[in-house]
Amino acid sequence: MQSILEILNKTVAYFQSKGVPDAKLDAQLLLAHVMQCKRLELFLHFEDPVLPEKLDVFRELVRRRAKREPLQHILGTSEFFGITLNCDARALIPRPETEYLCELLVEKYLCKDVQAEFSVLELGVGTGAISLALKNHFPNAKIVGVDVSSKALELATENANKLNLDVEFLQSDWFENVSGKFDLIVSNPPYLSDSEVESAEPEVKDFDPLTALRSDDNGIADLRKILGQAPDYLNDNGLLACECGVNQPEILAEEFSAKYKKIESVNDMSQRSRYVFASV
Ligand code: GLN
């Protein structure tokens with residue numbers, strides 16, 4: 001029987017030959033998943049043999065990952081801002097940039113009191129990541145999340161039930177079926193241009209829903225719709241926070257300056273301008 005270390009080494013080499021990014025980490029995470037242990041526990045048992053029945057299951061997962069199916073789809077879950085979300089082809093895999101948007105909101109833009117009561121509208125919930133992470137952090141917030149995709153709403157509802165978090169999900173093409181006003185509107189809308197989708201990694205291009213990725217007018221059309229209508233749905237002193245493609249925040253801040261009291265572009269972790277924050 002082969003040892004954990006031997007299997008990992010072979011898998012890493014195979015993944016590298018297939019261009020899998022993070023070959024080592026993914027091999028470890030997949031083997032840990034099959035062995036039903038934590039990734040770090042593998043390192044304590046490098047010499048242990050892997051039973052043939054486990055190896056069969058592992059090989060099937062390796063085959064899928066080598067075809068560039070995203071790790072999160074294979075594992076069926078993704079970690080996001082302190083919660084574990086179910087994750088599959090019904091919605092965009094939550095990204096670290098979006099997690100950072102939640103961090104910015106919690107650390108800088110929203111009330112520090114976790115018991116605060118305020119209302120939130122999320123446009124384009126996907127897996128439900130932002131809405132559920134905010135509800136998990138602010139249990140008294142009243143959160144409504146919309147998506148145009150019924151499949152995404154189905155997945156977001158599954159996640160809300162699994163996590164026992166009370167968020168209202170509603171089918172709507174942006175603001176179409178939304179009524180009322182909110183203290184915060186947050187969105188990670190599609191913002192890639194056709195050429196950006198074309199040059200994206202297979203994990204993105206072949207597995208994330210295209211409607212969650214691309215938008216007309218070089219990627220900026222949906223953001224324009226959101227920034228154009230959000231003031232009608234914000235309470236006084238309300239805030240709009242959107243994730244954007246690189247360099248889109250400046251364009252939007254200039255175009256919509258007359259509609260907001262304050263509008264600013266905000267950098268991501270690698271100091272690229274990636275978010276627009278606007279208040280009324
Ligand atoms: N962040 C996605 C990507 O980089 C693009 C679409 C989105 O998140 N809204 O592939």
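Basis for what follows: all heavy atoms, side chains included, without hydrogens, waters or symmetry-related copies. Both ligands and their constituent atoms are indexed starting at 1 by order of listing.
By the criterion of a heavy-atom distance under 4.0 Å, neither the backbone nor the side chain of D208 is placed next to ligand 1. Residue contacts with ligand 1, taken as heavy atom pairs separated by less than 4.0 Å, do not involve T98 at all.
Closest to atom 1 (N) of ligand 1 among all protein heavy atoms lies Y191 OH, 2.9 Å. Closest protein heavy atom to atom 9 (N) of ligand 1: P189 O, 2.5 Å. Here the heavy atom of the protein found nearest to atom 3 (C) of ligand 1 is R95 NH2, 3.4 Å.
Counting only N and O atoms by type, the side chains of S131 and E122 include a donor and acceptor under 3.5 Å apart.
Applying the 4.0 Å criterion to heavy atoms of V204 picks out, from ligand 1, the atoms 10 (O). For ligand 1, the atoms closer than 4.0 angstrom to any heavy atom of N188 are 7 (C), 8 (O), 9 (N).
Distances from atom 6 (C) of ligand 1 to the heavy atoms of A200, S215, A212, G124 show the closest one on A212.
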Begin with the C-alpha distance, continue with both residues' side-chain angles, and end with the deciding distance and a verdict on side-chain hydrogen bond (donor to acceptor under 3.5 Å, both in side chains) for D183 and S119. CA-CA 5 Å; D183 300 312; S119 56; 3.3 Å; yes
**Prompt:** What's the verdict on ring-ring contact (aromatic ring centres under 6.0 Å, His included) for F182 and Y233, showing C-alpha distance, side-chain angles and the deciding distance?
**Reply:** CA-CA 6 Å; F182 301 84; Y233 295 86; 7.5 Å; no
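S215 places none of its side-chain heavy atoms less than 4.5 Å from the side chain of Y191. The shortest distance between side-chain heavy atoms of R95 and N188 does not fall below 4.5 Å.
Checking I143, L123, T98 one by one against I130, the side chain to side chain contact (heavy atoms under 4.5 Å, CB included) holds for a single residue, T98.
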